[in-house]
Every structure is written in structure tokens, then in C-alpha cells.
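The structure appears right after this line, and notes come after that.
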Amino acid sequence: GENVEQHPSTLSVQEGDSAVIKCTYSDSASNYFPWYKQELGKRPQLIIDIRSNVGEKKDQRIAVTLNKTAKHFSLHITETQPEDSAVYFCGGLKSGSEKLVFGKGTKLTVNP
Amino acid sequence: KAGVTQTPRYLIKTRGQQVTLSCSPISGHRSVSWYQQTPGQGLQFLFEYFSETQRNKGNFPGRFSGRQFSNSRSEMNVSTLELGDSALYLCASGSGSNTGELFFGEGSRLTVL
């Protein structure tokens with residue numbers, strides 16, 4: 001079945017710097033890759049997603065890139081702010097399935 | 001429209017007991033997925049229901065079970081509770097049409113003593 005690996009498990013950056021979180025997936029049939037942000041004590045919320053027919057997607061300060069050949073995708077956050085501090089989860093979904101599998105999460109801390 | 005509602009939000013049980021958690025998805029959504037969240041293990045997939053049928057199942061023992069009703073509300077049950085079952089149980093609602101996007105509830109935090 002699908003397996004998603006996420007790195008790093010923790011990431012600390014200074015306000016204004018960029019942050020990059022990377023994920024790899026095992027099932028080449030996966031075609032949907034979302035990123036969720038979970039603030040302390042709150043529910044995970046979708047912040048951006050990408051499908052396998054696209055190589056990159058941007059939304060203001062966040063972007064996601066996908067390399068299908070290497071089976072990895074990354075989240076990029078530019079000009080980080082303290083409110084970006086949270087746990088971020090990447091996910092992978094196989095075509096024809098509703099089983100969304102997540103990585104173990106990255107705790108991002110943005111220091112003022 | 002209303003979001004995903006999970007009840008109860010918090011509960012404490014003792015080893016050997018059983019527990020039932022409830023999830024009401026977003027109106028019109030027919031897919032409900034359940035996840036277990038523990039520190040260091042992230043979001044682990046339990047199972048997914050669509051139109052009252054379990055379509056997908058994760059790697060959890062048979063003590064974990066679920067069901068979905070005709071109104072798309074779902075319940076999950078854990079029998080013979082163990083200390084390691086202490087976790088946040090999250091329910092996620094989806095359209096079920098393989099668009100992928102899931103909407104999470106606030107979760108039910110289970111503590112097993």
C-alpha cells in the first residue's frame with residue numbers, strides 16, 4: 001500500500017526566512033498530494049494541494065512542487081511569520097481510492 | 001454550511017472498557033474517514049466509509065471497528081481498551097468522488113487509564 005515519508009520532523013527558522021518540508025511516496029499510482037496545517041489544539045486544515053498532472057502550484061507565500069519521476073513533493077513557505085508555526089502533514093492518495101495516507105508531520109517553529 | 005462534528009470531545013476510560021465515537025460529516029458528503037493521532041506517529045489511517053460500506057481499512061487490530069448510517073453519520077468503536085489506545089481520534093469528511101480533499105473535525109480525545 002501507499003507509504004509517505006516526511007522530513008524533517010522538526011524545523012526551526014527565523015522570521016522572514018524560507019522553510020522547506022519534503023515528502024516521498026511509494027505508490028506510483030498516487031495522484032493527489034495535499035498539505036495540511038495543524039495548529040496546537042486545532043484540527044488539521046488543508047493549505048494547498050497538487051495533482052500529478054501539475055509540477056508546481058503557488059498560493060501567495062506557499063508553494064508545492066512535485067517530481068513524479070523521483071516520487072517526491074515539497075512544501076515551500078517564503079517570508080515565514082510566527083503564525084506559520086504549526087505541525088504540517090503531507091499526504092498521498094492513490095487514484096481510485098479514498099484512502100489518504102499521511103506522513104508523520106513536521107513541527108515548524110518560526111522564531112520572531 | 002456546518003462543518004464536521006465529532007462527539008464526545010473528551011473522554012476517559014479504563015483498560016478493558018469499550019468506547020464509541022461519533023462523527024457527523026458535512027451535509028452532502030458521503031465519505032467519512034477515521035484517523036488516530038498520537039505524538040510522533042502522525043495521522044494513522046483507520047478506515048473509510050462510503051454509502052454505509054467500508055471501502056478502505058488501515059493496519060489496526062480487529063478491536064477497532066466502525067460503521068456508517070444512511071444519513072452518512074459514522075461511528076467508530078474500540079473494544080477491550082488498552083493504554084496505547086490513548087489518542088486523538090479524528091474524523092474527516094469527503095465528497096467520496098475521489099477529489100481527495102478532506103475536512104477534519106475537532107477530534108475526540110480518548111484517555112485510557
Side-chain angles (χ1 to χ4, degrees), chain A residues 1-10 21 23-27 29-54 57 59 64 66 73 86-108, chain B residues 2-6 9-10 23-26 29-60 66 68 72 74 87-109:
Chain A
E2 174 67 288
N3 185 45
V4 177
E5 299 282 340
Q6 182 172 348
H7 300 280
S9 57
T10 61
I21 303 171
C23 289
T24 60
Y25 60 97
S26 60
D27 194 333
S30 294
N31 67 344
Y32 174 70
F33 308 94
W35 286 89
Y36 282 78
K37 174 183 180 183
Q38 187 177 29
E39 296 177 53
L40 190 63
K42 296 189 176 180
R43 71 185 80 189
Q45 291 195 299
L46 179 71
I47 55 171
I48 195 167
D49 56 14
I50 191 168
R51 298 191 184 273
S52 58
N53 59 346
V54 175
K57 185 176 178 180
D59 183 3
V64 57
L66 171 65
F73 56 110
V87 178
Y88 292 81
F89 293 97
C90 62
L93 181 73
K94 182 178 173 180
S95 176
S97 166
E98 290 288 327
K99 181 180 177 180
L100 182 56
V101 177
F102 288 96
K104 292 188 176 182
T106 297
K107 183 178 180 181
L108 173 65
Chain B
V4 181
T5 304
Q6 289 189 246
R9 291 291 314 281
Y10 303 91
C23 172
S24 293
I26 291 171
H29 281 189
R30 298 165 64 190
S31 170
V32 174
S33 299
W34 287 90
Y35 291 85
Q36 181 193 66
Q37 185 173 26
T38 54
Q41 292 301 312
L43 297 164
Q44 293 188 283
F45 179 84
L46 281 155
F47 26 65
E48 184 253 348
Y49 287 87
F50 179 81
S51 292
E52 302 178 66
T53 301
Q54 186 183 89
R55 288 199 301 190
N56 292 284
K57 191 177 189 305
N59 298 320
F60 279 81
Q68 187 180 35
S72 294
S74 176
L88 180 67
Y89 290 88
L90 288 161
C91 154
S93 165
S95 66
S97 58
N98 195 226
T99 59
E101 185 173 0
L102 296 182
F103 298 85
F104 283 89
E106 298 280 10
S108 293
R109 184 166 294 282

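Proteins get letters first, then strands, A, B, ... in listed order; numbering begins at 1 in each.
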Original post:
Side chains of A:T106 and A:Q6: donor-acceptor distance under 3.5 Å anywhere?
Top reply: yes
Original post:
Contact part of A:P44 toward chain B, heavy-atom cut-off under 4.5 Å: side chain, backbone, both or neither?
Top reply: both
Original post:
Tell me, side chain or backbone of B:L102 under 4.5 Å from chain A's heavy atoms, or both, or neither?
Top reply: both
Original post:
Are B:S72 and B:R30 linked by a side-chain donor-acceptor pair shorter than 3.5 Å?
Top reply: no
Original post:
What part of A:Y36 is in contact with chain B, defined as an atom under 4.5 angstrom from a non-hydrogen atom: side chain, backbone, both or neither?
Top reply: side chain
**OP:** For B:Q37 and A:Q38, test the side chains for any donor-to-acceptor distance below 3.5 angstrom and give the result as yes or no.
**Re:** yes
Original post:
Of the listed residues (B:S31, B:S33, B:G105), which shares the most heavy-atom pairs with chain A below a 4.5 Å separation?
Top reply: B:G105
Original post:
Within 45° of the axis and under 6.0 Å from the centre of the six-membered ring of B:F50, does NZ or CZ of B:R55 qualify?
Top reply: yes
Original post:
Does some side-chain heavy atom of A:W35 sit less than 4.5 Å from a side-chain heavy atom of A:C23?
Top reply: yes
**OP:** Pick one of side chain, backbone, both or neither for A:L100, based on which atoms fall under 4.5 Å of a heavy atom in chain B.
**Re:** both
Original post:
Which bit of B:E48 is near chain A, if near means a heavy-atom gap under 4.5 Å: side chain, backbone, both or neither?
Top reply: side chain
